[in-house]
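Letters A, B, ... are given to chains in the order of the sequence lines, protein chains preceding strands, and every chain is numbered from 1. Since this is a predicted model, take the numbers as computed values, not measurements. All values below come from the heavy atoms of this structure, side chains included, with hydrogens, waters and symmetry mates left out.
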There are 2 protein chains.
Amino acid sequence: MKVTISDIAKMAGVAKSTVSRYLNGGYVSETTKLKLDKIIADTKYEPNSFAQSLKAKKTNLIGAIIPRFDSYATSRMLIGIDESLKELGYQILVANTSQKLEREIENIYSLANQKAAGIILLAKQITKEHIEAAKAVDLPILIAGQEDEEFHSLVYGDAQSGYDIGKYVAKCGHTNICYIGVTEEDVAVGVKRKEGFRKAIEEEGIENVSYYESSFSIEGAYTVATSIIKENPATVYVCATDNIALGTMKAIHHHGLKIPEDISVTGFGDYDVADIIDPSLTTIHYPYKTAGGTAANKIVRMIQGEDVERLTTIPCYLVERKSVRRRK
Amino acid sequence: MKVTISDIAKMAGVAKSTVSRYLNGGYVSETTKLKLDKIIADTKYEPNSFAQSLKAKKTNLIGAIIPRFDSYATSRMLIGIDESLKELGYQILVANTSQKLEREIENIYSLANQKAAGIILLAKQITKEHIEAAKAVDLPILIAGQEDEEFHSLVYGDAQSGYDIGKYVAKCGHTNICYIGVTEEDVAVGVKRKEGFRKAIEEEGIENVSYYESSFSIEGAYTVATSIIKENPATVYVCATDNIALGTMKAIHHHGLKIPEDISVTGFGDYDVADIIDPSLTTIHYPYKTAGGTAANKIVRMIQGEDVERLTTIPCYLVERKSVRRRK
DNA sequence: CTGAAAGCGCTTACAG
DNA sequence: CTGAAAGCGCTTACAG
């Protein structure tokens, strides 16, 4: 049978409240402390967390709301969050939304109901429902991956990354460029990266640039790239994510063209595969795992009521590999 | 302020027990039911799950203990588990062990303490501690990915997969074969696949086969493959996972050799990238997501006390792509 | 069909 | 330094 605080108290010949105090670091005499040490070790007593939470009205749970499990960026961030949270004495509770926006909202409420101490939301998009839910639950919420003035957030240097890639392809002598982006609903990936890129290109005085839009999937990118190859003589395809770059590379290969001799390709993210495929992919390194750790630290500081900077920007950097041809 | 069952009872002019009965599908008159419908909708009342669990001593939580977040197989299975569990009215609670065996054991105990209704353990290895913990917590536990007579389990057709690959490379005319496996501590991946492969090869009367061992990582496989290339003239490298195949392909490319012209490569798993890389990888398709759904159904049936078959085997099949040269 | 009462396993003032 | 008591928000026999 499961042992409870009453059992322990009885065995030690003290009151439940004394045991509780012992457990929570309160005042207990040395002798009863010793006695309790032994009894608790012997019985392997573990407090019932439901009873604790019911009474204390708080937990050490931190919810992580994620759009999907099978995303490189998400899983890497989750590792960072999980590891850091564990060190800080918190536990992660992962809620997957399968990319359904309404499920993000539901999860905010249900995590609040489960008395989560805080929430890290890996968001693709912030809507008014998000803001409403956040106000209603009145819980520390940290948005990761997107910026929003209503929330504390952690973002990557997307604009700078786009700028760096733009400068790089220009430096390599490319003057006919194709940019394969994503929906502008995703501000970080769809807007910031593109804007940074555009800025660099304009500074370089390059005019021959066309913009396309793809879904986030490899297959979607494959389809888009296939049609671009047929109609556009660009010498480099700048892709808004590594996944898009992968689909694009596949399409180029399937057309019997060579990378980077015929067409150059770049990505954003630096997934593991970027260094494995042939040719290896020139891309921007996004330190997802580290960022997850930073997010964990930030939410914990928010929970502890510290005065936390609203916006944290995680710097990224270019990794030059073999997928871009130097034309000069 | 958070509304409780007492508030609802007061507003409806009934007793708490009546509200509770209403909530749990018990007998309630039509009129009070209607009244309660409205009040609960208006107040957005949500029962406190801690109080429920404290009293009922059970939850609808099912723990999934995973070795790591950044594994293709794991994340796909998680998706399948998560989706199916949701449909069945259960919630997943993901616990990551960062590949630490002792954390698997810890998590079994802590999930029991959190009153999980059951546990799905994505295991690489079953030890006596696992068995001990399972007995101690007395909770339905399903092992996924490994077979063990002490547990209900769900496995892939690893031996058959190995056999199929063996037959396939033989059929393609390869007679000098190199098998790159993993530690035998992992019975499914390290033993079963190899045994199935060996059986096929023996049936084919091929004698020129050498066996190597790699870690699970791409980098580890790269290192192993690099040394093999220098010493072994095999025409095909049969790799025990797609990740190992990726590292191996990278090593082959780095040596200036062509796949499949100079060396052929096969994998197990059929990760997304298998179809994206160039050449695309001939491998065994493992339906991870579907298997996750099957696991979810199985654990729920176990929880419900149904008489569930101890061992479920998920069939896999060969996917022929471009990484194997036909020598005949 | 309904309500009063006890109890789940804790924590938290409060009094000593 | 310690204990008795109340209470967190539910559920569950039990009696009506």
Side-chain angles (χ1 to χ4, degrees), chain A residues 1-37 39-40 43-61 89 91 109-117 137, chain B residues 1-37 39-40 43-61 89 91 109-117 137:
Chain A
M1 204 36 228
K2 196 73 188 164
V3 24
T4 73
I5 198 171
S6 303
D7 301 327
I8 302 293
K10 215 166 296 167
M11 293 169 79
V14 300
K16 290 189 300 176
S17 25
T18 305
V19 181
S20 177
R21 237 178 285 115
Y22 164 89
L23 257 15
N24 296 291
Y27 240 41
V28 183
S29 73
E30 194 58 22
T31 50
T32 70
K33 178 174 175 330
L34 256 28
K35 224 187 310 181
L36 255 13
D37 276 343
I39 295 176
I40 288 176
T43 56
K44 294 184 179 165
Y45 168 69
E46 294 259 13
N48 178 314
S49 56
F50 295 111
Q52 287 181 313
S53 300
L54 175 59
K55 195 56 198 169
K57 306 206 162 205
K58 66 172 187 206
T59 65
N60 69 341
L61 281 178
Q91 214 210 314
Y109 286 110
S110 83
L111 284 169
N113 194 238
Q114 289 174 76
K115 303 280 182 295
V137 301
Chain B
M1 204 37 229
K2 197 72 189 165
V3 23
T4 73
I5 198 171
S6 302
D7 301 328
I8 303 293
K10 216 166 292 165
M11 294 168 80
V14 299
K16 289 188 300 176
S17 27
T18 305
V19 180
S20 177
R21 236 178 285 114
Y22 164 90
L23 257 16
N24 297 290
Y27 240 39
V28 185
S29 73
E30 194 59 24
T31 51
T32 72
K33 177 176 178 329
L34 257 29
K35 225 187 309 180
L36 254 15
D37 276 344
I39 295 176
I40 287 175
T43 57
K44 295 185 180 165
Y45 166 70
E46 294 259 11
N48 177 313
S49 55
F50 294 111
Q52 287 182 314
S53 300
L54 176 58
K55 196 55 198 166
K57 307 208 160 203
K58 64 171 188 202
T59 65
N60 68 341
L61 282 177
Q91 213 209 317
Y109 287 110
S110 83
L111 284 169
N113 194 238
Q114 288 173 78
K115 303 282 181 295
V137 301

Exercise for review: Might you point out which heavy atoms bring B/Thr43 and B/Met11 nearest each other, and give the distance in Å?
Suggested key: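 So the two residues come closest at CG2-CE, 3.8 Å.
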Exercise for review: Identify the two heavy atoms, one from B/Val28 and one from B/Thr18, that lie closest to each other, and give their separation to 0.1 Å.
Suggested key: CG2-O, 4.2 Å
Of all the choices, [options], which nucleotide is nearest to the side chain of [X] once you look at every atom?
X       : options               : answer
A/Ala15 : D/dG3, C/dA6, C/dG9   : D/dG3
A/Leu54 : C/dC10, C/dG9, D/dG3  : C/dG9
B/Ser17 : D/dT2, C/dA5, C/dC8   : C/dA5
B/Val14 : C/dC10, C/dG3, D/dG3  : C/dG3
B/Ser29 : C/dT2, C/dC10, D/dT11 : C/dT2
A/Thr4  : D/dG3, C/dG3, C/dG9   : C/dG9
A/Ile5  : C/dT2, D/dC10, C/dT11 : C/dT11

[X] has an atom [atom1]; how far is it from atom [atom2] of [N], in whole Å?
X       : N      : atom1 : atom2 : value
A/Tyr22 : D/dG3  : OH    : P     : 15 Å
A/Leu23 : C/dC10 : CG    : C1'   : 10 Å
A/Glu30 : D/dC1  : CD    : C1'   : 12 Å
A/Asn48 : D/dC10 : CG    : P     : 16 Å
B/Lys16 : C/dC8  : NZ    : C1'   : 12 Å
A/Lys10 : C/dC10 : NZ    : P     : 13 Å
A/Leu34 : D/dC1  : CG    : P     : 14 Å
B/Ile8  : D/dC10 : CD1   : P     : 9 Å

Exercise for review: Give the intermediate values and the outcome of side-chain contact (heavy atoms from CB on, under 4.5 Å) for residues A/Thr4 and A/Asn48.
Suggested key: CA-CA 8 Å; A/Thr4 73; A/Asn48 178 314; over 6 Å; no
Study note, to complete from the structure: Using Watson-Crick geometry (N1-N3 plus N6-O4 or O6-N4) or G-U wobble (N1-O2, O6-N3), each under 3.5 Å, C/dA13 is paired with none
Point to revise | Complement of D/dA4, any strand, by Watson-Crick or G-U distances under 3.5 angstrom | key: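 Check on D/dA4: unpaired, no WC or wobble geometry under 3.5 Å.
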Practice item. State, with a plain yes or no, whether a side-chain heavy atom of A/Tyr22 is found less than 4.5 Å away from one of A/Val14. Key: no
Exercise for review: Examine distances only and state if a side-chain atom of A/Lys16 and a backbone atom of A/Ser6 form a donor-acceptor pair shorter than 3.5 Å.
Suggested key: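 No, because the side chain of A/Lys16 does not come within donor-acceptor range (under 3.5 Å) of the backbone of A/Ser6.
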Exercise for review: Say whether A/Asp7 and A/Tyr45, considering side chains only, have a donor N or O and an acceptor N or O under 3.5 Å apart.
Suggested key: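 No - no donor-acceptor pair under 3.5 Å links their side chains.
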Practice item. Specify the residue among B/Ala51 and B/Arg21 whose closest nucleotide of DNA chain C lies further upstream toward the 5′ end. Key: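 The residue closer to the strand's 5' end, by nearest nucleotide, is B/Arg21.
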Check your understanding: Just checking B/Tyr45: base, sugar-phosphate only, or nothing, at a heavy-atom cut-off of under 4.0 Å?
Key ->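 Sugar-phosphate, no base atom in range.
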Check your understanding: If each of A/Val28 and B/Gln52 is mapped to the nucleotide of DNA chain D with the nearest heavy atom, which maps nearer the 5' terminus, i.e. the 5' end?
Key -> A/Val28
Review point. Of A/Thr32 and B/Ser20, whose nearest nucleotide on DNA chain D comes first from the 5' end?
Key: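 Its nearest nucleotide being more 5', the pick is A/Thr32.
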Practice item. Answer yes or no: does a side-chain N or O of B/Thr18 lie under 4.0 Å from OP1 or OP2 of C/dG3? Key: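 For C/dG3, OP1 or OP2 has a side-chain N or O of B/Thr18 closer than 4.0 Å.
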